[in-house]
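Heads up: the structure comes next, in C-alpha cells.
What you see is a predicted model, and the numbers here were worked out from it, not measured in a lab. Just so it is clear: chains get the letters A, B, ... in the order the sequence lines come, proteins before strands, and each one is counted from 1.
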2 protein chains.
Amino acid sequence: MRVDVTPDGFDLTFGGRLILRHTAAAPCLFLGRGDARMDMYRGNFDIEDRLTARLPLSVARVMVDGIGWRISFTVADGIAPIAELQVIGNILRPTVTAPNVNRFWLRIAAEAGEHVWGGGEQMSYFDLKGRRFPLWTSEPGVGRDKTSEITFKADVTGKAGGDYWNTNYPQPTYLSSRKYALHLETTAYAAFDFRQDGFHELEAWAVPEQIELFAAESFTGLVTQLSDRFGRQPPLPEWVYNGAIIGLKDGGNSFERLEKIRAAGVPVSALWCEDWVGLRETSFGKRLFWDWRANEQHYPGLKAKIAALRADGIRFMGYVNPYLCNDGILFEEAEAAGYFATDGNGKTALVDFGEFDCGVVDFTNPAACAWFEEKIIGQNMLDFGLSGWMADFGEYLPIDVHLANGVSATLMHNAWPTLWAEVNARAVAKRGQTGEALFFMRAGFTGVQAHCPLLWAGDQSVDFSRHDGLVTVISGALSSGLLGNAYHHSDIGGYTSLFGNVRTPELFMRWAEMAAFTPVMRTHEGNRPRENLQLDEDPQVLAHFAAMVKLWVHLAPYLKALVAEASATGLPVQRPLFLHFEDDPAGYAVQDAYLYGPDLLVAPVWQAGETHRSVHLPQGAEWVHVWSGARHTGGQDISVPAPLGEPAVFYRAGSVHQALFDGMAAAKTGAV
Amino acid sequence: MRVDVTPDGFDLTFGGRLILRHTAAAPCLFLGRGDARMDMYRGNFDIEDRLTARLPLSVARVMVDGIGWRISFTVADGIAPIAELQVIGNILRPTVTAPNVNRFWLRIAAEAGEHVWGGGEQMSYFDLKGRRFPLWTSEPGVGRDKTSEITFKADVTGKAGGDYWNTNYPQPTYLSSRKYALHLETTAYAAFDFRQDGFHELEAWAVPEQIELFAAESFTGLVTQLSDRFGRQPPLPEWVYNGAIIGLKDGGNSFERLEKIRAAGVPVSALWCEDWVGLRETSFGKRLFWDWRANEQHYPGLKAKIAALRADGIRFMGYVNPYLCNDGILFEEAEAAGYFATDGNGKTALVDFGEFDCGVVDFTNPAACAWFEEKIIGQNMLDFGLSGWMADFGEYLPIDVHLANGVSATLMHNAWPTLWAEVNARAVAKRGQTGEALFFMRAGFTGVQAHCPLLWAGDQSVDFSRHDGLVTVISGALSSGLLGNAYHHSDIGGYTSLFGNVRTPELFMRWAEMAAFTPVMRTHEGNRPRENLQLDEDPQVLAHFAAMVKLWVHLAPYLKALVAEASATGLPVQRPLFLHFEDDPAGYAVQDAYLYGPDLLVAPVWQAGETHRSVHLPQGAEWVHVWSGARHTGGQDISVPAPLGEPAVFYRAGSVHQALFDGMAAAKTGAV
C-alpha cells in the first residue's frame, strides 16, 4: 500500500494498482444519514432508503505514522476532521467522529473496460460491471425478472418476485480484472455500484470495520488469498463419490422408490428425505413439520431402515433449519431455556411462516447454539444415523427481534447465515464427523466458507428462464467460487413450480447433464411434487439420468484431484474461463460455460429446444470434444451438436487425465 | 409573514401558520447535487436520481432588512454562508452561492392530521398526505397500478404502465387543511413528499425562483387567491349549452352517424372529428396524419359540411398537437423557416411516434409560435370553420433537444404544456374568438389556467379500475380545480383499450351519468373504435345517453351560474366537499363524490355491478335525493339506490335553484 499526496488530494495504490484517487472536486469518501424503510414478507425484503444527508468529504490531509498512513477528512477548510482512514498493510480502517452518521460511501478508482466479479453468489450476472448490487441476504425471488409474468404474479401474490441482485448469499467482496480484490468488512446493509466508468461506489449503512485489499499476479493467486482469508472447506466425504443423492419426500414410500431408481442402473450415494420430520397440512399444500427429530408416523422404523441402507452402501440425509414451530416439542424446551430471539418484552418473537408460527433460535446466545448443536444436530440427527442434510434458510432473521448479544437485528441479519453455518459445522465437528457428514446451504455471507462444506444454488424455477432457470446455477457457482467456496451444486430439475410452470423431461435431462460436471449430483422433487415430473416417472428421463450419474462416477478420480487442489489452494471445482486463461479476455463475461477443474470445459445446453451449443474455446490450449474426439484450436467460438445425453464438453489436449476423459463416452453406458 | 429567532434557529410563520421551523439538528433547507438518468419512451419517463451530495444547512442567521428578512444558511459554524432566503411579502426567494448545486430541498412544518391537495391534476389520490409525488409532465400510464395485469403488460411492451403519481398535468402547488397554500416557482423536475408526520419535503432539481405562500380564512378564499395568481379561464362558449359534443372519427361517415344519434333524441352541441386531418396506417392500427389541415380524401367537402352543420345549430371540432410529421406539407415549411427544435447540430430533431417521425415546433421561438398560430390554428382551423379542438400532447418535449431560447430542454419540459396552451389561446384571441372557440387539453403546468379554457382528464382505461378508470376523473377534476382550473371534463366511456380490455355498456352509461354533472359532456370513440362499444351501436346505451344529455341541458341555467361564479371568483364547477363544508373534516379525503357547484352533491357509481351508492352527506345542510325526493340530514353516511339512469345526486335544501333541481327527473325523459 502506498499513499502519495497530489496537488489537490492523494492517490492510494495497492500492489501498483490505483485504489483511491481523492481530489477536492471528486472526493473518495462520503458520509451521511438515511432513514430506511425495511419491510420483510417471508424472507423477501422491500427496502427504501430516504437519504437526509450525504456529505462529500472534500478536504483530506495525509499524515505518515510509524506503521502506515492516517488520512483525515472533513467537509470544508476550517472544519475539524470528521473522519479518518487508517492505512496499515492491506487494510483501510475508517473511524468517524461526526455524530449521527449511518451511511458510508467509498469510491474506488476504476478503469474503462474493467470487469468485476463476486458479490457473493450472484445468480443473474457473473460480471458485475454496469450494475448496482444491494448486498442483503434474502429469498432470491421467483422469476427474478420484472418483465416476466411469473415474477409479476409472485410479486403481486407475495412480494416474492425478486430481481437480478436478490440472493441468499450476498458478500461485500469483489475481484477486479485489474487483479486485485476488495472486501468490505461489515454486516450492515451494503450495496456495490459498478455503473460508473470512473469509479466503483461502495455503500454501507454503517461505518464498516475495515476495507481489505488483495492483489496477485494471477487470478488463481487472488482466489487463494481470498480462500485463505475467508476459510476453506473440508474435502467432500468419500461416500459421495459412490453416485447421486436422490431426493424423495414420500414418507416410507421413499425407500421403495429408491430401489426402483437403483434398479434402473443409477449409482446412488445417498437417499435424501427432507420430510424425515413429518408433514403439516396447510392451505398451500404439504409443509415440513419444523420440530427437528425423526417422525415415526411418517417414517416408521426409520432408524433401522437407515442402518440397513447404510449396510447396503447408501447414506441417509435429512433436513433442518434455524426455526422451531410453536406446536413442536423442541419449541417448549427452547422457550423454557430462553433460547429464542425475543420481541423486546422478553417474549419469544414468533415469525409467521404461513399458517404456522416459529421461534428463531438465537445464535448469538452460546447456550442456545450449544443446545441446538448437541440436542438437535448431535442427538436427533447424527446419532440417529443421518450423514448429512439441507441446512435450510438463514436469510430470514427479522430485523425487529431482540438478540442475546445486544446487537441490533438489522446489523445481525447479514451475519445470520454464517452463524447458522457455524452451528452446523460445530455440531458435526463435535461428533468428529467433519469431512464425513455433509450439509449444504443456500444462505451465506462473509466467512460462510470456513463452515459450510457445500453450497446449493437455492430454489430455481423449474424452467429454462434467463434469471431463474438452469443457467443461473452456473453464475452462482462461478461467483461464489471466486470467493473461496470450492463446492457448489443445485437441485436437479429445479425447485419452484408456481402459476402453472412445471418441469419438462427436457429440463430435467439438461439439468442432469450440467450437474454431472459439478461436485455433487442431487435430485429434488420440487415444491409441488405431484404436479411435476419426477425422476422415477419417465423411463427416458431415468435412463438418461443413470447415464449422467455413471459419467459423474467415472470422473470421480478427476473430481478427487480437484478436491485435493481445493484443500491446498482454495480453487473452486467450477471455474470461470479466465481463471486459467488470463490472456483471453473473451472469457471475462462468460457465465453459461465454465471450466470443471483446469482441464474440462463444460457448456451446458440451458435453453429449450436447442440441439447445438455455441462455445468460446479459451486461447492457449487445444480442445478435444469428448463425444466426437474432434480437436479445436483455442481462441475461437465454435458450435457443436449437443443432443440430449451429449452436453458440450471438451478436454484440454495433453491433460494428465486424458485417458479418463477418453473413457467418458463409454462410461455413460456403463461399458467401462 | 414573520420570522422569529429561536434559541437554536428560527420560526417562519405566515398568516399565523408555522411554515418553517429551523434548528441546527433539524434544518429546513438542504442543498445538493444529483446525477439523474432520465429516459423517455414515447412520453413515458424512466427517471432515476443518483445523489452525490445532500448538505443539511444547519446554521442559519436571520437579518432584518428594510422590506422583510434575509436568512443566510451554511453547513457549519465557521463556514461562509452558501445560501440565502429573502423573505418579502408572501414570497421566499432563495439564492445559492455554493457551486454545482442542482438539488434543493425545503422542509415545510406539518401537523399531525394535516391534509394536502393539489399537485396539479392528480388522478389516483386527491389527498396527497402519506405519499410522495414527483411532478414531471408525462403520459399518465396505462392501469397506473403495479399490481394490475394491464399495467404489467403496458410496462413490458412499452414502459407505459405508469404509477399513481404520473400525470399529464403536474403543478408544484398544494393547499393544506391548515388553510394555506404553497407554490414552488420552478419548471425543473420537482417532487413533493408528504410521507412524514412532522414536515412536507419539497424537492426541486434546480434552485427554484421563489416559494409563494397564500393563506385565507376559508378554502374558497384560498382557491380564489390561487386563481388570481395563476389566471382565470374565459366563460364557456354559449353554443356548448346546446348539448353534448359527439366524438366520431369515421371520415365522411361521421356526419351520417351523428344524424342517427340526434334522431335518438340526443341534444348535440358539436361534432368532434379528430380524424379531420386524415389517417395513417401503421402496424399498431390507424393513426391521425399529423399535418394540421383538412383532409379532402378522408372528409370530402368538409368545409361545406361544417357550414351546413353550423346552420343546423351544431359546431364542428377537430384536433391538433405541437408536432408535424416529416411526410406532411407543413413540415417542409416549418423546417425551411427553422421553426423546429434541433438536435444541437442545427438539424431538425426528429421524434419517433411509432413508424412515423415528427419535428417539434419550438415554442420558445416567437416566429414559430406566430406561424403556428396564424397558419395552422388561424387559417387551417378557425378560418376553415372549426369551433374548437383537442389540443393534444404537450408532455413530450424530449430533454435532449436544443431550443431557440437557449434554455435546456430539461428545464423547459415542464414549461411546455403552458407554452402550448398559450399558442392555442393567442391564436384564438387573434381571431377574436376567446370564449367562443373551445379547445381542451390534458397537459398542464403552472400557469396553464390563464390560457386553457377547458381541461380534459386524459386517456383513462375503458374500465372501472381504481387507478385508471372512471373514478380517477373525479380526483383529476377536484385537484386541478383547487388550483384554479374551473372547467374539467373527460372522454365518456374512457379511451385506452389494450390487451383485450374493452368497454362495457355499463361502463359507458355510468360514465355518462358522471359526465352529466361536469361542465362539458363529450364522447370519444377510444383508441380502438372497432373493438369497443360505440354510442350508436347499442339502443339502451343511446337512450340512456340521450336522457343524461337532456338532464345536462336542463341544468344549463345552473351551470351558467357556476360559470359566472368561476369568472368572478375562480371557483371550479366541480368542488371537493370540504370547500363549502369546512367544519366537516369527513370530506377532506373524499374523492369519489363531489359538489357540483355549491348546491348539488354528486356520487357517481364507479364500480361495476353496483346498484347502490354510499355517500357522506356534508354536515351543515339538509340534502334532498333528486330521484326520490327523500330528505336527509347532513353529517351522516347513507346508502341510496343508484340503478342505471339514477346516479346518486342530492341537492341542498333551500337552494335558489330548487325548482330547477325538482325538474331533473322529468328532464331526463324530455317531459319538461
Side-chain angles (χ1 to χ4, degrees), chain A residues 24-35 37 46 48-59 74-82 98-101 103 105 107 132 143 145-159 161 191 193 195-199 201 203 499, chain B residues 24-35 37 46 48-59 74-82 98-101 103 105 107 132 143 145-159 161 191 193 195-199 201 203 499:
Chain A
C28 67
L29 183 62
F30 301 73
L31 297 177
R33 182 151 189 90
D35 176 18
R37 181 179 58 74
D46 180 13
E48 180 194 31
D49 198 16
R50 298 180 196 170
L51 218 49
T52 54
R54 178 176 162 129
L55 309 177
L57 302 194
S58 311
V59 178
T74 191
V75 289
D77 286 319
I79 303 290
I82 61 171
N100 299 322
V101 168
R103 295 291 180 271
W105 299 268
R107 288 186 170 178
R132 180 173 184 270
D145 173 358
K146 295 304 184 198
T147 69
S148 83
E149 189 80 20
I150 282 181
T151 296
F152 170 69
K153 287 179 174 162
D155 275 337
V156 169
T157 57
K159 307 200 178 226
D193 187 346
R195 291 177 298 185
Q196 285 81 7
D197 279 339
F199 57 86
E201 186 167 283
E203 173 178 354
F499 313 114
Chain B
C28 66
L29 184 61
F30 301 73
L31 298 177
R33 181 152 189 88
D35 176 18
R37 182 179 58 74
D46 179 13
E48 180 194 31
D49 198 17
R50 297 179 196 170
L51 218 50
T52 56
R54 178 176 161 130
L55 309 177
L57 302 195
S58 311
V59 178
T74 191
V75 290
D77 287 320
I79 303 289
I82 61 171
N100 298 321
V101 167
R103 295 290 180 274
W105 297 268
R107 289 185 171 178
R132 180 174 183 270
D145 173 357
K146 296 304 186 198
T147 70
S148 83
E149 188 82 20
I150 283 181
T151 295
F152 170 68
K153 287 179 175 163
D155 275 337
V156 169
T157 58
K159 307 200 178 227
D193 187 346
R195 292 176 297 185
Q196 283 81 7
D197 279 338
F199 57 87
E201 186 167 285
E203 173 177 353
F499 314 114

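Contacts between R107(B) and chain A at a heavy-atom distance below 4.5 Å involve the side chain alone, from C-beta outward. Looking at R33(B), neither its backbone nor its side chain comes within 4.5 Å of chain A, counting heavy atoms on both sides. Neither the backbone nor the side chain of R37(A) comes within less than 4.5 Å of any heavy atom in chain B.
Of the inter-residue distances, the one linking I79(B) atom CD1 with I79(A) atom CD1 reads 3.5 Å to the nearest 0.5 angstrom. The CG atom of L51(B) sits 8.0 Å away from the CH2 atom of W105(A) when rounded to the nearest 0.5 Å. E149(B) contributes atom CD, which lies 5.0 Å from atom CZ of F152(A) (distance to the nearest 0.5 angstrom).
Side-chain atoms of R54(B) come within 3.5 Å of backbone N or O of T52(A) as a donor-acceptor pair.
Taking V59(B) as the reference, T74(B), D77(B) meet the side-chain contact (heavy atoms from CB on, under 4.5 Å) condition, with sequence neighbours excluded. Scanning for side-chain hydrogen bond (donor to acceptor under 3.5 Å, both in side chains) contacts around T157(A) gives an empty result, with sequence neighbours left out.
With chain B as the partner, the residue from P56(A), P99(A), G78(A) showing the most heavy-atom pairs under 4.5 Å is P56(A). Your options are R195(B), K146(B), E201(B), and the one with the most heavy-atom pairs under 4.5 Å with chain A is R195(B).
A salt bridge does not link E48(A) to R132(B): none of the charged nitrogens lies less than 4.0 Å from a carboxylate oxygen.
Within the 4.5 Å cutoff, no side-chain heavy atoms of S148(B) are placed close to those of V156(A). With a 4.5 Å cut-off on side-chain heavy atoms, R50(A) and Q196(B) count as touching.
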